[in-house]
Amino acid sequence: MSESKRIKTALVSVYHKEGLDEIITKLYEEGVEFLSTGGTRQFIESLGYPCKAVEDLTTYPSILGGRVKTLHPKIFGGILCRRGLEQDMQQIEKYEIPEIDLVIVDLYPFEATVASGASEADIIEKIDIGGISLIRAAAKNYNDVIIVASQAQYKPLLDMLMEHGATSSLEERRWMAKEAFAVSSHYDSAIFNYFDAGEGSAFRCSVNSQKQLRYGENPHQKGYFYGNLEAMFDQIHGKEISYNNLLDINAAVDLIDEFEDLTFAILKHNNACGLASRPTVLEAWKDALAGDPVSAFGGVLITNGVIDKAAAEEINKIFFEVIIAPDYDVDALEILGQKKNRIILVRKEAKLPKKQFRALLNGVLVQDKDTNIETVADLKTVTDKTPTPEEVEDLLFANKIVKNSKSNAIVLAKGKQLLASGVGQTSRVDALKQAIEKAKSFGFDLNGAVMASDAFFPFPGDIGHSHWQNSVPPPEERLPETKSGFHPGSETQEPQISRSIYPLRYEAYPGQTRYSRFSFFFPAGLSFFLPAASPSPSFRFSGDGSAEALREYQAVFQEIVSSFSFFKVNNSFRQTGPALRHRHRVCFRRRVCHRRPDFPYHRRQSDR
């Protein structure tokens with residue numbers, strides 16, 4: 001069987017005709033005969049070339065409103081017959097079936113029809129039957145037939161015709177068959193996802209555009225990007241975007257989309273190391289850089305404002321990999337383009353996917369993308385102390401940053417500026433220590449700052465170790481401050497310091513039990529526990545056994561728990577021994593199913 005095959009007859013039936021005229025002209029010059037249907041046949045004839053109608057070959061007209069045109073043995077027999085198999089050749093001769101050597105066909109625009117918001121009846125009519133069958137048949141018989149399955153393959157076919165006329169090699173036909181099956185599988189995935197309607201009964205994700213990267217996360221790994229980057233960015237300067245660049249760019253886009261105010265962010269290894277919202281890009285850049293000028297080196301920069309000359313002059317003073325903005329002034333581009341490898345991207349409006357997935361173990365993990373952005377309306381103050389509007393604004397600001405940081409994460413912010421963050425730590429306490437140390441190292445005063453955590457503290461007392469005083473956690477989640485001199489999170493009496501516990505935000509899943517815990521420390525042994533199955537807590541006291549001590553601890557404890565409106569307090573105490581036990585923990589646990597309906601949820605579930 002010869003690898004080179006001559007094209008004698010071509011079946012052409014396409015929806016998209018742009019760019020087809022050059023191919024038809026070249027094929028005609030090579031002596032190829034045409035077979036076609038309806039509008040495509042009229043198009044070929046309008047170019048001045050003869051074309052035989054499919055109906056004349058099959059002796060059947062197009063029926064059922066065009067649903068059945070090419071589904072006939074005289075069409076599929078001519079495509080599927082194996083030229084090297086004598087039995088096949090005898091049968092097509094017996095039934096007068098002509099050999100078809102080239103099939104040019106595309107599919108109805110199903111995805112575009114769905115995206116247009118068309119009616120279901122119109123969408124169903126865009127499910128191609130004849131076209132998909134022709135593609136599969138011709139691709140299956142690639143040994144003898146060449147298939148062009150989409151408008152994207154017009155150019156490769158034309159290049160082949162221009163190079164060596166109306167002949168094809170086995171390698172070319174196999175490559176075209178591979179592309180054809182990519183088209184058919186993508187098309188079927190789109191149809192399935194339409195009918196699945198988000199139920200997730202099976203995982204089907206198909207992206208046609210492929211970009212090979214220099215390498216993956218490390219030089220020994222291959223890397224690819226599937227998608228249309230050109231639809232989202234115009235790269236106007238710099239080297240080829242790498243795998244790690246794309247990870248940072250994705251994190252930067254997710255982060256900046258949280259903010260409506262003019263904002264500048266600096267990211268390193270997918271985490272914000274500097275961010276500020278200000279009236280001008282220049283001010284936002286300076287305050288973002290102040291958050292961590294060390295980590296900013298080699299980072300990815302992004303803003304939602306137009307970069308002007310003044311901002312560009314300041315930005316150009318440091319080394320960075322990528323900068324992203326909706327636009328740049330001409331003189332700003334001249335400044336930023338001074339470094340040859342610096343990647344400069346103009347972000348365009350593009351629709352982003354609503355699902356996130358990743359390969360995991362022997363399967364795929366899928367979730368909805370977290371597009372929820374909390375506002376003032378989502379907050380509820382449950383303490384005597386009400387935060388100021390400025391504090392609330394900073395809390396929402398910090399929450400947007402920590403949401404887009406790697407767990408365990410802590411963010412310290414003030415005046416719409418990221419002061420410091422601790423990210424990617426195995427302990428939330430370490431994340432807090434890291435954030436405080438970084439803030440102090442860059443000269444920030446944490447008085448009046450706020451803190452955000454991407455999940456709850458397993459031991460809120462750990463906040464007390466930080467010596468970060470007068471911090472304000474989110475108003476809907478703060479625990480009340482005691483008035484007796486014993487402060488949540490403190491092991492000693494410090495009446496001059498007022499601390500609040502930053503509590504818990506986490507994601508709850510139907511059918512699963514999650515526990516959250518508040519911990520208090522007292523100088524002697526009072527403990528409190530809410531069993532998982534019980535709506536009421538029980539008390540356990542150990543001390544010197546005196547009635548006075550019992551009344552003292554009961555008063556302190558009752559003052560704390562009385563502010564929790566979402567569980568019932570059982571005031572039964574019992575003495576467990578005469579020994580005085582120090583630093584006993586007071587714990588509160590509750591089940592998700594007992595939570596208040598207005599208690600906020602969050603996406604993370606770290607530190608369970």
Side-chain angles (χ1 to χ4, degrees), residues 13-20 37-40 43 64-67 69 104-136 147-155 179-211 224-235 246 249-250 253-254 256-258 304 324 326 345-358 364-373:
S13 181
V14 297
Y15 186 89
H16 298 99
K17 300 175 179 63
E18 300 84 359
L20 185 63
T37 60
T40 306
F43 174 78
L64 305 181
R67 284 189 168 196
K69 299 176 184 176
I104 304 176
V105 63
D106 61 8
L107 302 171
Y108 292 150
F110 178 83
E111 290 178 283
T113 305
V114 172
S116 71
S119 67
E120 176 146 300
D122 289 337
I123 291 170
I124 296 303
E125 287 307 309
K126 288 298 184 287
I127 298 177
D128 207 310
I129 302 301
I132 203 79
S133 301
L134 291 169
I135 288 171
R136 291 180 64 84
I147 173 66
V148 176
S150 72
Q151 192 177 21
Q153 304 309 316
Y154 287 0
K155 186 178 185 305
E179 293 296 306
F181 283 123
V183 170
S184 65
S185 63
H186 178 84
Y187 195 75
D188 285 339
S189 293
I191 295 170
F192 164 77
N193 286 326
Y194 170 75
F195 280 97
D196 189 56
E199 291 182 9
S201 58
F203 179 72
R204 297 287 186 275
C205 182
S206 175
V207 183
N208 284 325
S209 303
Q210 183 240 57
K211 176 182 176 64
Y224 304 90
F225 175 78
Y226 295 91
N228 185 7
L229 274 180
E230 289 73 23
M232 191 163 185
F233 302 105
D234 284 330
Q235 182 173 351
L246 286 171
I249 290 169
N250 177 70
V253 168
D254 284 347
I256 204 70
D257 284 350
E258 300 273 348
N304 53 11
I324 309 164
L345 301 176
V346 177
R347 186 181 175 187
K348 300 186 284 188
E349 290 292 330
K351 187 177 180 181
L352 297 176
K354 297 179 181 179
K355 297 281 186 182
Q356 294 176 315
F357 58 89
R358 60 184 296 179
V364 178
L365 197 62
V366 182
Q367 69 170 355
D368 295 331
K369 188 174 183 180
D370 186 359
T371 57
N372 182 54
I373 300 176

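Just so you know, these numbers use all the heavy atoms, side chains as well, and skip hydrogens, waters and symmetry mates.
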task: Starting from the C-alpha separation in whole Å, work towards a yes-or-no answer on salt bridge (Lys or Arg N to Asp or Glu O under 4.0 Å) for Lys126 and Glu111.
output: CA-CA 9 Å; Lys126 288 298 184 287; Glu111 290 178 283; over 6 Å; no

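- Rounding to the nearest 0.5 angstrom, the gap separating the CG atom in Asp106 from the CG atom in Leu20 is 9.0 Å.
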query: After noting the C-alpha distance and the side-chain angles of Asp188 and Arg136, does the key distance pass the salt bridge (Lys or Arg N to Asp or Glu O under 4.0 Å) rule?
result: CA-CA 12 Å; Asp188 285 339; Arg136 291 180 64 84; 5.2 Å; no

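- Side-chain contact check for Ile256 versus Ile324: every heavy-atom pair is 4.5 Å or farther apart.
- Between Thr371 and Leu352, every side-chain heavy-atom pair lies at or beyond the 4.5 Å cut-off.
- Annotation for Phe43: atom CZ counts as buried by contact number, over 12 foreign heavy atoms lying within 6.0 Å.
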task: Could you give me the CA-CA distance, side-chain angles and deciding distance for Ile104 and Thr40, then say whether side-chain contact (heavy atoms from CB on, under 4.5 Å) is met?
output: CA-CA 11 Å; Ile104 304 176; Thr40 306; over 6 Å; no

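- Taken to the nearest 0.5 Å, the CD1 atom of Ile132 stands 7.0 Å off from the OH atom of Tyr187.
- Of all heavy-atom pairs spanning Gly227 and Val207, the tightest one is N-CG1, 3.4 Å.
- The shortest distance between side-chain heavy atoms of Glu125 and Arg67 falls below 4.5 Å.
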- prompt: Run the side-chain contact (heavy atoms from CB on, under 4.5 Å) check on Met232 and Arg347 step by step: do they pass?
  reply: CA-CA 6 Å; Met232 191 163 185; Arg347 186 181 175 187; 4.1 Å; yes

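- Asn304 CG to Asp257 CG: the interatomic distance, rounded to the nearest 0.5 Å, is 8.5 Å.
- By the salt bridge (charged side-chain N to carboxylate O under 4.0 Å, His left out) test, Arg204 is found to be paired with no residue, residues two or more places apart in sequence or in another chain being considered.
- For the pair Asp254 and Lys369, the minimum side-chain heavy-atom distance is below 4.5 Å.
- With Thr113 contributing its side chain and Ile123 its backbone, the two residues share no donor-acceptor pair below 3.5 Å.
- Heavy atoms only, all atoms of each residue included: Phe233 and Val253 are closest at CZ-CG2, 4.0 Å.
- Put simply, the side chain of Leu134 does not reach to within 4.5 Å of the side chain of Ile147, judged on heavy atoms.
- Surrounding CZ of Phe357 are at most 12 heavy atoms belonging to other residues, nucleotides or ligands under 6.0 Å away.
- Counting all heavy atoms, side chain and backbone alike, Val14 lies closest to Tyr154 at CG1-OH, 3.6 Å.
- Side chain of Asn250 to backbone of Leu246: no donor-acceptor contact under 3.5 angstrom is found.
- The two residues Asp196 and Ser201 come nearest to each other via the heavy atoms OD1-OG, 2.5 Å.
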task: Evaluate side-chain contact (heavy atoms from CB on, under 4.5 Å) for Phe181 paired with Ser184, printing each intermediate quantity in order.
output: CA-CA 5 Å; Phe181 283 123; Ser184 65; 4.0 Å; yes

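- Heavy-atom neighbours of Lys348 NZ from other residues, nucleotides or ligands within 6.0 Å: above the threshold of 12.
- In terms of heavy atoms, Thr37 sits closest to Ser13 at OG1-OG, 3.0 Å.
- Within 6.0 Å of the CD atom in Gln210, the count of heavy atoms belonging to other residues, nucleotides or ligands exceeds 12.
- With sequence neighbours excluded, the residues that form a ring-ring contact (aromatic ring centres under 6.0 Å, His included) with Tyr194 are Phe110.
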